[in-house]
There are 2 protein chains.
Amino acid sequence: MKKMQRQGCGCYRERHNRWIEPSILYLLYEKKKHGYELMTELPELGFIGKTVDPGAIYRMLRHLEQAGLVFSQWDTTGSGPARRVYTLSDLGRNHLYRWADALEKRRNSLDAFLAKLEAILQKKEDKP
Amino acid sequence: MKKMQRQGCGCYRERHNRWIEPSILYLLYEKKKHGYELMTELPELGFIGKTVDPGAIYRMLRHLEQAGLVFSQWDTTGSGPARRVYTLSDLGRNHLYRWADALEKRRNSLDAFLAKLEAILQKKEDKP
DNA sequence: GGTTATTATATGTCTAAAACATATATAAAT
DNA sequence: ATTTATATATGTTTTAGACATATAATAACC
């Protein structure tokens with residue numbers, strides 16, 4: 001087994017866990033879209049650092065379709081390469097509602113923890 | 001490559017990303033503790049579902065020590081098996097401060113996204 | 001006309017946090 | 001004696017996301 005190998009400084013990179021799935025479901029809730037379109041809109045949702053990985057998006061779309069949360073049709077009208085356009089299903093819509101619940105719980109626990117952290121940060125600033 | 005194999009219903013299990021590290025750092029900020037103690041206190045922090053995985057904790061403690069964020073001493077006083085007691089270092093304390101910043105950013109993006117989700121949930125409840 | 005850029009989809013491999021499982025030992029409780 | 005609680009540790013699997021690259025159609029450029 002290879003060694004874990006992290007920086008001695010304990011540096012870490014923040015990873016937003018499972019944000020692609022709910023983000024895509026949300027963007028498709030508004031209206032049907034193709035992968036590339038999602039790729040350009042995802043950063044505006046604020047969940048992201050710099051660039052979006054196309055691989056992650058197209059793979060997620062395939063998974064969502066397999067799970068029946070979205071369905072797709074090829075769109076060959078217009079210019080450029082063919083687009084696979086995804087539509088949110090009823091199942092997908094309900095899934096998004098459940099995601100909202102889950103994310104709210106996530107926020108609540110995050111809030112509780114941040115409150116504790118802020119309390120100790122306060123103490124830190126008291127001593128100059 | 002094995003198949004992804006997720007439930008057809010699109011079920012997912014919430015995973016709290018990178019919560020063990022800041023949680024342990026926070027608990028050690030209060031006072032030095034051994035692994036088993038952390039294991040019992042972690043659920044109270046709210047980040048958790050049901051049970052804590054001891055493996056994750058002990059491995060994280062080893063990593064934190066390698067990174068110089070904590071240091072440990074064996075405590076053989078008292079009854080029961082020997083305890084390895086961990087103390088937060090200055091580096092560890094600073095690391096916790098940086099974690100606080102990172103988690104605040106995480107909360108902000110989560111808040112922004114939840115605001116959008118709540119807006120569509122509102123619309124859903126409007127139609128009976 | 002030929003090269004480059006943009007639009008668009010797709011697959012392959014790697015990383016690492018967490019989940020799941022199990023091994024080991026001391027001592028107290030039944 | 002056997003079970004339970006305390007305590008630490010390692011082995012294996014899963015999986016979201018990161019990183020890299022392949023592909024093709026068409027538009028834009030010189």
Side-chain angles (χ1 to χ4, degrees), chain A residues 1-7 10-24 33-43 47-65 67 72-86 99 106, chain B residues 1-7 10-24 33-42 47-67 72-86 99 106:
Chain A
M1 209 215 302
K2 219 189 282 175
K3 225 174 139 193
M4 217 217 256
Q5 196 56 317
R6 283 216 252 175
Q7 305 306 103
C11 284
Y12 56 84
R13 287 179 299 172
E14 255 283 79
R15 280 178 63 188
H16 290 282
N17 187 244
R18 302 242 13 224
W19 61 273
I20 296 177
E21 183 173 315
S23 297
I24 287 178
K33 278 157 196 164
H34 59 272
Y36 196 84
E37 221 175 338
L38 289 166
M39 213 177 78
T40 58
E41 291 184 11
L42 275 168
F47 260 119
I48 219 142
K50 324 149 202 194
T51 39
V52 197
D53 175 30
I57 291 165
Y58 290 112
R59 252 188 289 254
M60 180 54 72
L61 286 168
R62 289 296 186 88
H63 158 69
L64 293 174
E65 185 158 36
S72 69
Q73 314 147 262
W74 281 101
D75 174 16
T76 50
T77 69
S79 71
R83 281 136 288 168
R84 196 198 275 270
V85 177
Y86 288 88
W99 255 115
R106 197 194 279 190
Chain B
M1 206 215 303
K2 221 188 282 175
K3 225 173 139 193
M4 219 215 253
Q5 196 59 315
R6 284 215 250 174
Q7 305 306 102
C11 284
Y12 56 84
R13 287 178 300 173
E14 256 281 80
R15 282 178 63 188
H16 291 283
N17 187 243
R18 304 250 1 231
W19 61 274
I20 296 178
E21 183 172 316
S23 297
I24 288 178
K33 278 158 195 163
H34 59 273
Y36 197 83
E37 220 175 340
L38 289 167
M39 213 177 78
T40 59
E41 291 184 11
L42 275 170
F47 260 119
I48 219 145
K50 324 146 203 198
T51 41
V52 197
D53 174 29
I57 291 165
Y58 290 111
R59 253 188 288 253
M60 180 53 73
L61 285 168
R62 290 299 188 88
H63 159 68
L64 292 174
E65 186 158 34
Q66 271 194 309
S72 71
Q73 313 147 262
W74 282 102
D75 174 15
T76 49
T77 69
S79 70
R83 281 137 289 168
R84 195 197 277 269
V85 177
Y86 288 89
W99 255 115
R106 198 194 280 190

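Because the structure is a prediction, the values reported are computed rather than measured. Note on naming: letters A, B, ... go to the chains in the order of the sequence lines (proteins, then strands), and numbering restarts at 1 for each one.
- The distance from atom NZ of Lys33(A) to atom C1' of dA8(C) is 17 Å, rounded to the nearest whole Å.
- The shortest heavy-atom contact between Tyr58(B) and Tyr36(B) is OH-N, 3.3 Å.
- Arg18(A) places its CZ atom 16 Å from the P atom of dT14(D), with the value rounded to the nearest Å.
- Look at Ser79(A) and you won't find any side-chain N or O under 4.0 angstrom from OP1 or OP2 of dT26(D).
- Note: Leu61(B) CG to Glu21(B) CD = 10.5 Å, rounded to the nearest 0.5 Å.
- The CD1 atom of Ile57(A) sits 5.5 Å away from atom CD1 of Ile24(A), with the distance rounded to the nearest 0.5 Å.
- By the 4.0 Å N-to-carboxylate-O rule, Glu41(B) lies close enough to Lys33(B) to be salt-bridged with it.
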Mind listing the N/O atom pairs, protein and nucleotides 9-11 of chain C, below 3.5 Å?
residue, atom, partner, partner atom, Å
dT9(C), OP1, Arg84(A), N, 2.6
dT9(C), OP1, Arg84(A), O, 3.4
dT9(C), OP2, Gly35(A), N, 3.3
dT9(C), OP2, Tyr36(A), N, 2.7
dT9(C), OP2, Tyr58(A), OH, 2.9
dA10(C), OP1, Arg62(A), NH2, 2.7
dA10(C), OP1, Arg84(A), NE, 3.3
dA10(C), OP1, Arg84(A), NH2, 2.9
dA10(C), O5', Arg62(A), NH2, 3.3

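- Side-chain N/O atoms of Trp19(A) include one lying less than 4.0 angstrom from OP1 or OP2 on dG17(D).
- Rounded to whole Å, atom C1' of dG17(D) lies 13 Å from atom CG of Leu42(A).
- For the pair Leu61(B) CG and dT8(D) C1', the computed distance is 10 Å after rounding to whole Å.
- One interatomic measurement links the two molecules: CD of Glu21(B) to C1' of dA17(C), which rounds to 10 Å at whole-angstrom precision.
- Look at CD1 on Ile57(A): it is 10 Å from P on dA18(D), rounded to the nearest Å.
- One can place CG of Asp75(A) at 13 Å from P of dT26(D), the figure rounded to the nearest angstrom.
- For Glu65(A), the side-chain contact (heavy atoms from CB on, under 4.5 Å) partners at least two apart in sequence or on another chain are Val70(A), Phe71(A), Ser72(A), Arg84(A), Tyr86(A).
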Would you tabulate the side-chain donor-acceptor contacts of residues 75-82 of chain B under 3.5 Å, counting partners in other chains and residues two or more places apart, or write 'none'?
residue, atom, partner, partner atom, Å
Asp75(B), OD1, Thr77(B), N, 3.0
Asp75(B), OD1, Thr77(B), OG1, 2.6

